[in-house]
Amino acid sequence: METIIIVEGKNDRSRLKRLLSPDITILCTYGTLSTDRLEELKRKVGDEAVYLFMDNDTSGKKIRAILRDAFPDAEQIYTRRGYAGVEGTPDEYIIQQLEKAGLEEYIQYPDPTPF
C-alpha cells in the first residue's frame, strides 16, 4: 500500500521531500481547492493511506476542513502555530510530527551537525 501526504504548496512539498524517502508520494493543493482539483486528488489517492499536513493558519485550516470531509480516514499532521507554514517549520519539529504519525520508517534523518 502506498502512503500519500497532501500539503498546500510546492514549497511545503520540497521541504518534506528532503526529509522523506521517495516511497512517500507528496501531493499539493497549490493553496486552493477547486472542485476539479479535489476530484483529481481523490483520484490520485484512491484507497491508499493518506496524511494531511497543512499550515496552521486560516487558509490551511480551511483546506484541512475540506480535505477532512473528502478523506475522512486521513491521518492529521500538524505544524505549530507561529511557524511560517510547513515550509517554515524547523526540520526537528517536522520529524517529530512525522514520527508521531507513525512514518519513521520513511524519514531520512539529516546528518548530525559536527561540533
Side-chain angles (χ1 to χ4, degrees):
M1 180 174 252
E2 189 177 1
T3 301
I4 298 171
I5 298 176
I6 301 176
V7 296
E8 286 181 73
K10 58 186 176 188
N11 292 335
D12 298 337
R13 180 175 57 197
S14 295
R15 181 65 182 248
L16 288 181
K17 277 189 174 196
R18 287 188 306 114
L19 297 172
L20 292 166
S21 75
D23 298 331
I24 298 282
T25 300
I26 304 169
L27 302 177
C28 293
T29 66
Y30 297 106
T32 58
L33 266 179
S34 66
T35 304
D36 291 340
R37 182 69 187 138
L38 185 57
E39 289 304 316
E40 181 183 344
L41 287 170
K42 285 182 182 178
R43 184 179 49 74
K44 286 182 177 180
V45 169
D47 293 331
E48 305 298 340
V50 66
Y51 294 78
L52 306 178
F53 198 179
M54 307 295 129
D55 296 348
N56 192 1
D57 59 12
T58 304
S59 174
K61 289 175 182 177
K62 183 185 277 186
I63 291 170
R64 185 184 294 275
I66 294 167
L67 291 173
R68 190 180 294 135
D69 287 342
F71 304 102
D73 295 332
E75 294 285 334
Q76 306 294 320
I77 304 174
Y78 295 91
T79 188
R80 186 178 290 162
R81 187 187 325 237
Y83 289 146
V86 173
E87 70 183 87
T89 300
D91 287 350
E92 303 79 34
Y93 190 80
I94 290 175
I95 289 170
Q96 183 181 47
Q97 295 304 93
L98 294 170
E99 289 172 340
K100 194 185 292 186
L103 297 171
E104 51 276 310
E105 70 183 278
Y106 302 106
I107 298 171
Q108 295 181 332
Y109 293 92
D111 290 331
T113 307
F115 292 101

Self-check item: Full working for side chain to side chain contact (heavy atoms under 4.5 Å, CB included) between I5 and L103
Solution: CA-CA 11 Å; I5 298 176; L103 297 171; 4.1 Å; yes

Quiz item: Are L16 and I77 linked, directly or through other ILVMFWY residues, by side chains that come within less than 4.5 angstrom of each other?
Solution: yes

Practice problem: Starting at CG of D23, measure out to CD of Q108 and round the result to the nearest 0.5 Å. | Solution: 8.5 Å

Quiz prompt | Single-linkage hydrophobic cluster, 4.5 Å side-chain cutoff, I107 and V7 together | solution = yes

Quiz item: Can R43 and E39 be counted as an ion pair, charged N to O under 4.0 angstrom?
Solution: no

Self-check item: Verdict with supporting geometry, I63 and E8, side chain to side chain contact (heavy atoms under 4.5 Å, CB included)
Solution: CA-CA 8 Å; I63 291 170; E8 286 181 73; 3.6 Å; yes

Pair up each side-chain donor or acceptor in residues 48-55 with any protein partner under 3.5 Å, not counting sequence neighbours, and list the distances.
unit_1: E48; atom_1: OE1; unit_2: E2; atom_2: N; d: 2.7
unit_1: D55; atom_1: OD1; unit_2: V86; atom_2: N; d: 2.8

Quiz item: Among pairs that include at least one residue of residues 6-34, which meet ring pair (Phe, Tyr, Trp, His ring centres under 6.0 Å), considering only residues two or more places apart or in two chains?
Solution: none

Exercise. Check whether I4 and L41 end up in the same hydrophobic cluster, where Ile, Leu, Val, Met, Phe, Trp and Tyr are linked by side-chain heavy atoms less than 4.5 Å apart.
Key: yes

Quiz item: Near K17 NZ, under 6.0 Å, is it more than 12 heavy atoms from other residues, nucleotides or ligands?
Solution: no

Quiz prompt | Minimal non-hydrogen separation, G85 against T79, with atom names | solution = O-OG1, 4.2 Å

Self-check item: Whether D12 side chain and G9 backbone form a donor-acceptor pair below 3.5 Å
Solution: yes

Please report, to 0.1 Å, the donor-acceptor pairs under 3.5 Å made by any side chain of residues 92-99, with sequence neighbours excluded.
unit_1: Q97; atom_1: NE2; unit_2: Y78; atom_2: O; d: 2.9
unit_1: E99; atom_1: OE2; unit_2: Y109; atom_2: OH; d: 2.7

Quiz item: Going by heavy atoms in the side chains, are R37 and T32 under 4.5 Å from each other?
Solution: no

Exercise. Decide if atom CZ of R81 counts as having more than 12 heavy atoms of other residues, nucleotides or ligands within a radius under 6.0 Å.
Key: no

Quiz item: Where the side chain of R15 meets the backbone of T89, is there a donor-acceptor pair that is under 3.5 Å apart?
Solution: yes

Quiz item: So, do S34 and E40 sit near enough that their side-chain heavy atoms are less than 4.5 Å apart?
Solution: no

Quiz prompt | Value rounded to 0.5 Å, distance of NZ in K61 from CZ in R68 | solution = 11.0 Å

Quiz item: Can you tell if the side chain of L38 reaches within under 4.5 Å of the side chain of T29, non-hydrogen atoms only?
Solution: no

Quiz item: Quick check: are there more than 12 heavy atoms from other residues, nucleotides or ligands sitting under 6.0 Å from CG of D69?
Solution: yes

